[in-house]
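Quick notes on the structure that follows.
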Amino acid sequence: MTYILFFIVCFGASIVGAICGIGGGVIIKPVLDSFGILSVTAISFLSGCTVLSMTTYSVIRNKLDKGAASSESADRTRLPLALGAAAGGLIGKEMFSYVKSLSDDPDRVGAVQAACLLVVTIGTLVYTIYKARINTHQVKNAAVCVLIGLFLGIMSSFLGIGGGPINLVVLFYFFSMTTKQAAEDSLYIIFFSQAASLISTIVTGSVPSVEIGLLLLMVAGGILGGVCGRHINKKIDEKTVDKLFIGLMVAMILINIYNIWKYM
């Protein structure tokens with residue numbers, strides 16, 4: 001029953017994640033935390049692996065798809081953003097380990113993650129609702145792009161969500177991207193940050209104890225969700241994507257409030 005439940009969550013979250021460009025981890029992590037079946041560390045690891053599998057598929061498909069829309073500006077900023085995200089992924093992993101070590105209860109870090117994610121989600125929701133009134137920028141400086149990617153990578157790895165909604169807000173504000181363009185670039189950033197975090201986890205021997213069967217099933221759910229989500233994304237317009245994104249943020253706010261109460 002646990003396997004089926006985890007697969008459904010990963011599959012559904014990855015569909016929405018691929019459509020909106022949030023990786024799916026912003027749904028997987030808090031939802032699985034709320035079930036209380038596994039430790040916070042195990043869920044962070046499983047969520048990260050699932051998100052990585054989905055974004056790997058999406059990034060490869062976008063590269064192979066000659067019709068994938070991408071502006072010249074996005075091409076110039078994508079690499080430094082990705083490099084910064086990779087470095088941020090390593091830093092975020094160390095931050096998670098440090099915060100976890102501060103309490104005798106290893107799951108107390110779940111409350112910190114939920115609180116951070118709650119703030120990010122509320123901020124993202126407010127920005128998304130009023131983004132038409134907000135003046136955006138066109139950052140082209142490579143060093144600034146690296147710093148932005150670094151911040152996004154840290155948030156992605158520490159929260160175990162892949163990047164989530166904060167990626168979109170940052171891409172909207174600093175690079176004046178459209179919703180679908182930001183979704184594509186967000187998945188690219190998530191791929192590098194999660195890959196760096198996973199490599200660090202393996203190299204340092206800090207892989208938590210998880211069932212291989214469960215990991216493989218979640219990864220399969222992530223890839224299948226990515227396939228379906230990418231197909232749906234091509235069929236719907238940007239207004240529909242925005243509405244789906246706003247509805248998701250409201251749901252995540254409620255779940256994170258519950259998780260903060262649960263882990264405190």
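Because only heavy atoms are used, hydrogens play no part in the values below, and waters and symmetry mates are left out as well, while side chains stay in. Along the sequence shown, the residues carry numbers beginning at 1.
With hydrophobic clusters built from ILVMFWY side chains whose heavy atoms lie under 4.5 angstrom apart, I134 shares a cluster with M249. The cluster map of Ile, Leu, Val, Met, Phe, Trp and Tyr, joined by side-chain heavy atoms under 4.5 Å apart, puts M95 and I199 in different clusters. Placement of L254 and I122 in two distinct hydrophobic clusters is found when ILVMFWY residues are connected by side-chain heavy-atom separations under 4.5 Å, directly or transitively. Follow the hydrophobic side-chain contacts under 4.5 Å out from I257 and you reach I43 in the same cluster.
When all heavy atoms of I189 and A85 are compared, the pair lying nearest together is CG2-CB, 3.5 Å. In terms of heavy-atom proximity, T50 sits nearest to S14 at CG2-OG, 4.3 Å. Across every non-hydrogen atom of I27 and A13, the tightest pair is CB-CB, 3.7 Å. Across all their heavy atoms, G153 and S193 have their closest contact at CA-CB, 3.8 Å. Pairing each heavy atom of V31 with each of M252, the nearest pair is CG2-CE, 4.5 Å. The two residues I19 and G229 have their closest heavy-atom pair at CG1-O, 3.4 Å.
When side chains are defined from C-beta on, V99 counts as touching F158, because their heavy atoms get closer than 4.5 Å. Side-chain contact between F175 and I148 is present, with at least one heavy-atom pair separated by less than 4.5 Å. Counting heavy atoms from C-beta on, the side chains of F151 and I166 come closer than 4.5 Å. Contact annotation: the side chain of L244 never approaches that of L248 to less than 4.5 Å [non-hydrogen atoms, C-beta and beyond]. Using a 4.5 Å cut-off on side-chain heavy atoms (C-beta onward), F45 and V207 make contact. When side chains are defined from C-beta on, Q194 does not count as touching M54, because their heavy atoms never get closer than 4.5 Å. Contact of the T136 side chain with the F174 side chain is not registered, since no non-hydrogen atoms from C-beta on lie closer than 4.5 Å. Counting heavy atoms from C-beta on, the side chains of F6 and I28 never come closer than 4.5 Å.
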### Query
Would I37 and L32 satisfy side-chain contact (heavy atoms from CB on, under 4.5 Å), going step by step from the backbone distance to the final call?
CA-CA 8 Å; I37 298 175; L32 295 186; over 6 Å; no

### Residues V139, T77; criterion side-chain contact (heavy atoms from CB on, under 4.5 Å); working and verdict
CA-CA 8 Å; V139 174; T77 59; 6.0 Å; no

### Query
Going through the distances and angles, do L81 and Y188 end up as a side-chain contact (heavy atoms from CB on, under 4.5 Å)?
CA-CA 9 Å; L81 279 171; Y188 193 79; over 6 Å; no

### Message
Please determine whether side-chain contact (heavy atoms from CB on, under 4.5 Å) holds for the pair K29 and V40, giving the CA-CA distance in whole Å, both sets of side-chain angles, and the decisive distance to 0.1 Å.
### Response
CA-CA 9 Å; K29 177 65 171 64; V40 170; 3.9 Å; yes

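Taking OG of S157 as the start and NZ of K93 as the end, the distance is 7.5 Å to the nearest 0.5 Å. Of the inter-residue distances, the one linking L214 atom CG with C10 atom SG reads 8.0 Å to the nearest 0.5 angstrom. Expressed to the nearest 0.5 Å, how far CD1 of I255 lies from CG of L118 amounts to 11.5 Å. Atom CG of L38 and atom CD of E211 lie 8.0 Å apart (nearest 0.5 Å). To the nearest 0.5 angstrom, D33 atom CG is 11.5 Å from I260 atom CD1. Here the CZ-OG distance, from R230 to S58, works out to 7.0 Å after rounding to the nearest 0.5 Å.
The hydrophobic cluster containing I8, built from Ile/Leu/Val/Met/Phe/Trp/Tyr side-chain heavy atoms closer than 4.5 Å, also comprises I4.
With hydrogens and angles ignored, the 3.5 Å screen pairs a side-chain donor or acceptor of S101 with a backbone N or O of Y98.
Here the two rings, on Y3 and F7, have centers that are 6.0 Å apart or farther.
Test I91, L90, L159 against I154 for side chain to side chain contact (heavy atoms under 4.5 Å, CB included) and you get one pass: I91.
Other residues, nucleotides and ligands contribute at most 12 non-hydrogen atoms within 6.0 Å of the NZ atom of K243. Shown here is F35, whose CZ atom has more than 12 heavy atoms of other residues, nucleotides or ligands within 6.0 Å.
Shown here are the ring pair (Phe, Tyr, Trp, His ring centres under 6.0 Å) partners of Y258, two or more places apart in sequence or in another chain: W261.
No side-chain donor from either of Q113 and Y263 sits under 3.5 Å from a side-chain acceptor of the other.
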